[in-house]
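Step one of this worksheet: look at the structure below.
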Amino acid sequence: MLDIKFIRENKDIVQAGAKKKRIEIDIGKLISLDDSRLLELKAVEDLRSEVNRVSNDIARDQDPALKIQLIEEMRGVKEEIKAKEEKLKATMEEWQKIMLKIPNIPSVDTPEGPDDSGNQVVRSWGEKPQFAFTPKEHYELGKALKIIDTETAAEVSGSRYAYLKGDLVIMQFALIQMCLEILTNEETLKKIAEGSNISVIPTSFMPVVPPVFIRPIVQVKMARFMTPEEHYMFPNDDLMLIGSAEHTLGSMHMGKIFEEKDLPIRYAGYSTAFRREAGAAGKDTNGILRQHQFDKLEMEVFSLPENSMQEQNFLVAIQEYVLQTLKLPYQVVAVCTGDMGFPDSRQIDIETWMPGQNKYRETHSADSTGGFQARRLNTRVRRSDGKIEHVHMNDATVIAIGRTLIAIIENYQQADGSIKIPEVLRKYMGGKEFITK
RNA sequence: GGAGGCGUGGCUGAGUGGUUGAAGGCACCGGUUUCGAAAACCGGCAUUGGGGAAACUCAAUCGUGAGUUCAAAUCUCACCGCCUCCGCCA
């Protein structure tokens with residue numbers, strides 16, 4: 001959520017930002033509603049002030065006749081307050097509805113575009129592997145090696161589910177283990193930051209296994225409930241499943257005030273993510289690229305406002321470090337205004353090379369939401385001079401299991417259909433070098 | 001799931017209808033003292049919104065929401081959370 005004061009003072013910027021994001025908003029209506037809100041609020045507060053004042057008189061005054069008279073008068077004022085409060089409440093509800101639909105403003109360096117066609121490749125890394133044979137897609141290889149079974153999953157749970165089996169499961173936990181070691185080692189983090197010329201305090205990430213259920217009201221505060229059809233809902237319990245660990249990591253500190261000296265705070269959350277993929281009918285139906293359920297290690301950082309862009313760059317640097325460690329070719333993409341998330345001011349994606357598809361596919365995302373989520377969550381920081389302001393929040397993928405496994409399977413495939421295990425993972429996999437039949 | 005108890009400021013902890021935004025303590029920030037520090041002493045110290053150049057002032061907030069009342073931290077109801085015991089369970 002943006003600050004209403006900021007909106008009032010910068011309505012053109014807000015309007016233009018929404019337009020760039022291809023989101024329709026009515027700033028004029030919001031501001032005239034806000035005018036009414038302030039007027040009605042003043043009216044209610046003036047009456048309350050009167051009641052408060054007279055009530056104190058009643059408590060003090062000894063004359064019983066006067067008391068009765070004042071109480072009578074205040075009964076009338078009470079009725080008046082009630083009526084005015086109802087009007088205010090109606091105004092507030094409409095105001096709130098519009099406020100929740102105002103998106104965050106894209107950063108100045110965000111490319112403009114209607115959809116993912118407007119995304120810009122910022123840089124790329126790694127040599128695409130050359131094969132002496134036609135590289136296969138992950139689902140062919142996975143099926144033959146009996147490490148991916150979507151057919152049984154389809155019967156048991158429906159489409160877009162899979163059984164991961166055998167060495168692929170071991171590899172999942174190897175990846176997580178490897179990444180947690182990176183994220184909890186300040187020396188490594190310092191090296192990553194220095195290597196990319198980023199000046200951040202390299203505080204290590206606190207590993208977290210967060211809840212996968214979240215209250216819908218909290219999801220609204222995370223500004224991640226814009227498309228209800230994307231979420232699995234459990235109305236009987238007033239709960240929904242998270243689509244990312246971000247949702248229950250970012251909301252951990254709602255209503256809290258940090259001390260400046262305690263920031264940045266970094267979390268590495270491991271959880272399953274659940275997505276209905278309602279708008280993706282017929283897209284990526286083979287294999288495990290687009291699943292209703294997948295496991296993911298996610299970073300979430302709370303920082304001082306002035307540091308949030310550096311923090312985002314740092315998270316991207318960590319993502320690149322992970323992919324470089326795995327020797328997977330990738331490109332870094334500046335996501336354009338029409339494709340970026342509602343609460344994001346700046347979104348950077350990483351697309352990893354998938355030889356079977358002969359394409360780069362999105363495996364990572366880094367979202368800087370500035371103070372947008374923090375304002376809704378009311379997560380703040382007390383600066384060293386005593387001033388209180390909203391923190392800035394960043395979230396980013398470390399490893400999205402399904403898609404990273406695909407990248408490894410396809411990039412490391414051998415002529416005989418086996419998969420060479422990336423060297424860095426072998427120590428977590430009993431020294432094994434290949435996944436074979 | 002059953003029974004009981006409890007939610008007050010950064011922490012702790014008083015407060016069961018009346019100028020209580022809330023005593024006391026701790027922590028924190030100034031100052032006195034000291035060569036310096038500690039201790040002691042003095043002072044300050046919640047958040048949000050409105051008005052004001054400012055001093056200041058008005059409103060709201062004692063888990064959340066509704067209600068009773070001229071007046072609610074205090075009474076009523078619902079919800080949320082925490083604790084203890086029993087049951088169940090990975």
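Protein chains get the first letters and strands the later ones, always in sequence-line order, with residue 1 at the start of each. Source: prediction; values computed, not measured.
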statement: Once base and sugar-phosphate atoms are separated, protein heavy atoms under 4.0 Å mark nucleotides 74-83 of chain B, 5' to 3', with B, S and - as ------SS--
Pairing partner of [N] (Watson-Crick or G-U wobble, both distances under 3.5 Å):
N     : answer
B:A90 : none
B:G4  : B:C83
B:A59 : B:U48
B:A40 : B:U32
B:A23 : none
B:C77 : B:G65
B:G18 : B:C70

field: Residue mapping more 5' on RNA chain B - nearest nucleotide basis, A:V54 or A:E50
entry: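 Whichever sits nearer the 5' end wins; that is A:E50.
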message: On RNA chain B, does the nearest nucleotide to A:R380 precede the nearest nucleotide to A:N56 from the 5' side, or the other way round? Give the residue.
response: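 Result of the comparison: A:N56.
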query: For the ring pair A:H253 and A:F258, is the centre-to-centre distance below 6.0 Å?
result: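 That pair passes the under 6.0 Å test.
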message: Is the distance from the ring center of A:F274 to that of A:F294 below 6.0 Å?
response: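 Centroid distance A:F274-A:F294: not below 6.0 Å, so no.
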Base, sugar-phosphate alone, or nothing: which one does [X] contact when heavy atoms must sit under 4.0 Å apart?
X     : answer
A:V51 : sugar-phosphate
A:I58 : base
A:R53 : nothing

query: When you measure from every atom of RNA chain B, which of residues 257-270 of chain A have a heavy atom less than 4.0 Å away?
result: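 Here the set is empty: none.
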field: Near-strand residues of residues 78-87 of chain A, defined as heavy-atom separation under 4.0 angstrom from RNA chain B
entry: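 Nucleic-acid contacts, sorted: A:K78.
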Side-chain N or O of [X] less than 4.0 angstrom from OP1 or OP2 on [N]?
X     : N     : result
A:S55 : B:G18 : no
A:N52 : B:A59 : yes
A:R48 : B:A59 : no

message: Nearest 0.5 Å, please: how far is CZ in A:F213 from CG in A:L241?
response: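 Output value for this atom pair is 4.5 Å.
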Could you check how far [atom1] of [X] sits from [atom2] of [N], rounded to whole Å?
X      : N     : atom1 : atom2 : result
A:E45  : B:G51 : CD    : C1'   : 10 Å
A:D35  : B:G50 : CG    : P     : 13 Å
A:K387 : B:U47 : NZ    : C1'   : 16 Å
A:I388 : B:U47 : CD1   : C1'   : 7 Å

Distance, [atom1] atom - from [M] to [N], rounded to whole angstrom:
N     : M     : atom1 : result
B:U8  : B:C75 : P     : 15 Å
B:A73 : B:A60 : C1'   : 14 Å
B:G30 : B:A37 : P     : 12 Å

Under-4.0 Å salt bridge between A:K143 and A:D149: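 Answer for the salt bridge query: no.
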